[in-house]
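Worksheet for the structure shown next.
Quick caveat: nothing in here was measured; it's all calculated off a predicted structure.
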Amino acid sequence: MGAMAEGGAAIAHQQQQQQPVAIDTCSAVVAAAKNSFPSRNGFSHHPFSQSFVLDAEEEEEEGGGEGGSDAAVAAVAAGVDYGYGQQQHQQQQEKCPPVVVGLQPVALVDHVAKVDWSLLDAVPGERGGSMRVTAEELDHILAEVNTHMLPVVSSSSSAVRTLAGGSVANTIRGLAGGLGIRTSLVGVRGDDERGQMFAANMKMAGVDLSRLREVRGGRTAQCACLVDAEGNRTMRPCFLNAVGLKAEELSKKDFRGAQWLVLNGYGFYGTELLETAVHHAKQEGVKISMDLASFEVVRNFRPRLMRLLESGNVDLVFANEDEARELIKGEEEEEENKDLTSSSPESSLRFLANYCERAVVMLGAKGCIARHGKEMVRVSAIRETVTVDTTGAGDLFASGFLYGILNNLSLEDCCKMGCCTGGAVVRGLGGEIAEEGWQWMHQQLIAKQLPPIRFPVRVS
């Protein structure tokens, strides 16, 4: 998972951009779009395909006719962002708001590499966790990577990969880039090279960035993601002088029109940030999905986490075994019960389900267990995959699970969707599913008799 923290800089809104959206209507323009670009994984995909479909349809409504549609298609084919200016952009937002909004207070760039254990042993902190480091420590780690690098088995992955990171960014990007869900990201980035790369990577996946602020002269955070021979990752983020979003800079407009808000426990590093986001989102009728982030986050912020859960405002919660174990451990210690034998995934799931409508405990190679009301299911992981890097496995599991909810799938099928997307991302380096991974996922959907992904997708 990625990492976040509170920043401390005056926020300047980024210049509004064309919003990519998934359109739920069918027209000759949509058909033309699907035939204009190479098919990816059984559906049409182009960096501008979602936004141009809306533009062309609006031009038809305004009297542009078929000529206008052809012009839009030609513009997209040439790589032109077919925009209409500030007023029309606002009309697009109102007409087709994002279905899912993610809150990532700090934009983060991941440097992902497979390394030997000698480097991992020399890195401060617990292996497998996420611990902040200074700029000097991060520079030293990255400098050592070249001499400790392991070969990558997957032909689709390079030895080192740099990409937009952060748990929420991973989930939002997966929903937009391969599942066709309209998404938007709330947060802040610097205008430095890393910030520009973060924005370009997210926009290429189809994520709307009109709610992502840009700070001129600001610095964007970065993280070393060290992956061992078995695919397990150790995160060492650096937030020194990085810009970040503060609670008082949030408003209801950041979440307006969405059905779901995706949160992550790393947001607890910001003072009252998650609590404020939940308050605004609930005023807009938005449901809340939350990932517990890491066992360190659960350990360090358990009182705030429990208050948020006890508020009843969290509708869906994701935890892995380590996070769930840490949560139950804290509960038992508060009750002076030192017998930790009850800290099973099942007991953790029951505990989480007391506070939210849906709860999921992810079990890695063992699959997952989930609960919705009185219904409980267990789904096995997909064995027919190659694990290169587990970075983003839980984040992309959440993408698939949320896609299932949005498309009214059963609890079991939501878990299967999560296993498909989670299984796809581990086939390459980093928290973004590569082309080969999406192709593999679609094969798994067929094998498991799950509904095929339609693009643009019809969401409920």
Side-chain angles (χ1 to χ4, degrees), residues 4 99-105 167-168 171 186 247 250-294 297-320 323-335 342-343 345-362 368-377 394 397-398 401-402 404-406 408 410-411 414-415 418 460:
M4 306 176 194
V99 177
V100 180
V101 170
L103 173 65
Q104 181 159 314
S167 176
V168 172
T171 298
V186 175
L250 290 169
S251 71
K252 291 190 294 183
K253 287 180 61 178
D254 287 315
F255 314 108
R256 185 159 297 161
Q259 295 181 29
W260 282 87
L261 168 62
V262 173
L263 301 176
N264 185 274
Y266 288 116
F268 282 123
Y269 284 102
T271 305
E272 294 298 313
L273 184 68
L274 294 186
E275 294 87 345
T276 301
V278 170
H279 173 74
H280 288 319
K282 284 300 178 181
Q283 287 186 318
E284 293 293 319
V286 180
K287 290 190 174 184
I288 308 296
S289 168
M290 180 162 184
D291 189 294
L292 299 192
S294 73
V297 166
V298 176
R299 182 184 302 163
N300 295 335
F301 297 100
R302 191 177 188 283
R304 284 177 64 189
L305 170 60
M306 286 308 305
R307 284 196 296 271
L308 188 57
L309 291 174
E310 289 168 355
S311 72
N313 287 326
V314 177
D315 301 280
L316 168 62
V317 64
F318 296 99
N320 64 27
E323 296 152 6
R325 187 180 301 114
E326 188 68 35
L327 189 66
I328 292 295
K329 177 182 176 182
E331 182 74 8
E332 291 169 342
E333 288 177 350
E334 287 183 5
E335 296 176 358
S342 63
S343 299
E346 291 78 10
S347 62
S348 300
L349 181 66
R350 287 193 297 269
F351 179 79
L352 290 170
N354 288 330
Y355 302 104
C356 52
E357 182 182 359
R358 294 178 177 90
V360 182
V361 176
M362 299 170 288
C368 69
I369 53 176
R371 188 160 184 161
H372 181 198
K374 295 183 178 180
E375 181 185 8
M376 177 179 170
V377 299
F397 177 96
F401 194 94
L402 280 166
I405 291 177
L406 289 167
N408 300 315
S410 68
L411 180 62
C414 286
C415 291
S460 57

What is the distance from atom [atom1] of [X] to atom [atom2] of [Y], rounded to the nearest 0.5 Å?
{"X": "R325", "Y": "S347", "atom1": "CZ", "atom2": "OG", "result": "10.0 Å"}
{"X": "R358", "Y": "E375", "atom1": "CZ", "atom2": "CD", "result": "9.5 Å"}
{"X": "L308", "Y": "L263", "atom1": "CG", "atom2": "CG", "result": "7.5 Å"}
{"X": "C368", "Y": "F401", "atom1": "SG", "atom2": "CZ", "result": "7.5 Å"}
{"X": "F255", "Y": "H279", "atom1": "CZ", "atom2": "NE2", "result": "11.0 Å"}
{"X": "N354", "Y": "L309", "atom1": "CG", "atom2": "CG", "result": "10.5 Å"}

Would you say that [X] contacts [Y] through its side chain, given a criterion of any heavy-atom pair below 4.5 Å between the two side chains?
{"X": "L406", "Y": "W260", "result": "yes"}
{"X": "L402", "Y": "L316", "result": "yes"}
{"X": "M306", "Y": "L327", "result": "yes"}
{"X": "L305", "Y": "V297", "result": "no"}
{"X": "E323", "Y": "D291", "result": "yes"}
{"X": "E326", "Y": "R302", "result": "no"}
{"X": "L292", "Y": "V317", "result": "yes"}
{"X": "L273", "Y": "L250", "result": "yes"}

Where [X] and [Y] come nearest, the two heavy atoms and their spacing:
{"X": "C415", "Y": "A370", "result": "SG-CB, 3.5 Å"}
{"X": "G404", "Y": "C414", "result": "C-SG, 3.4 Å"}
{"X": "T171", "Y": "V262", "result": "CG2-CG1, 4.3 Å"}
{"X": "L261", "Y": "V286", "result": "N-CG1, 3.4 Å"}
{"X": "A359", "Y": "L349", "result": "O-CD1, 3.3 Å"}
{"X": "V101", "Y": "D254", "result": "CG1-O, 3.8 Å"}

When the ring planes of F268 and F301 are compared, do they come out parallel, tilted or perpendicular, using 30° and 60° as the limits?
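The arrangement is parallel - the two ring planes meet at less than 30°.
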
Classify the ring geometry between Y269 and Y266 as parallel (under 30°), tilted (30 to 60°) or perpendicular (over 60°).
parallel

Check the pair M290, L274 against side-chain contact (heavy atoms from CB on, under 4.5 Å), reporting the backbone distance first and the verdict last.
CA-CA 10 Å; M290 180 162 184; L274 294 186; 3.8 Å; yes

Residue list, salt bridge (Lys or Arg N to Asp or Glu O under 4.0 Å) with E357, at least two apart or on another chain
K287

Filter on salt bridge (Lys or Arg N to Asp or Glu O under 4.0 Å), then keep only pairs touching residues 262-285, sequence neighbours left out; what's left?
R256-E284, E275-R304, K282-D315

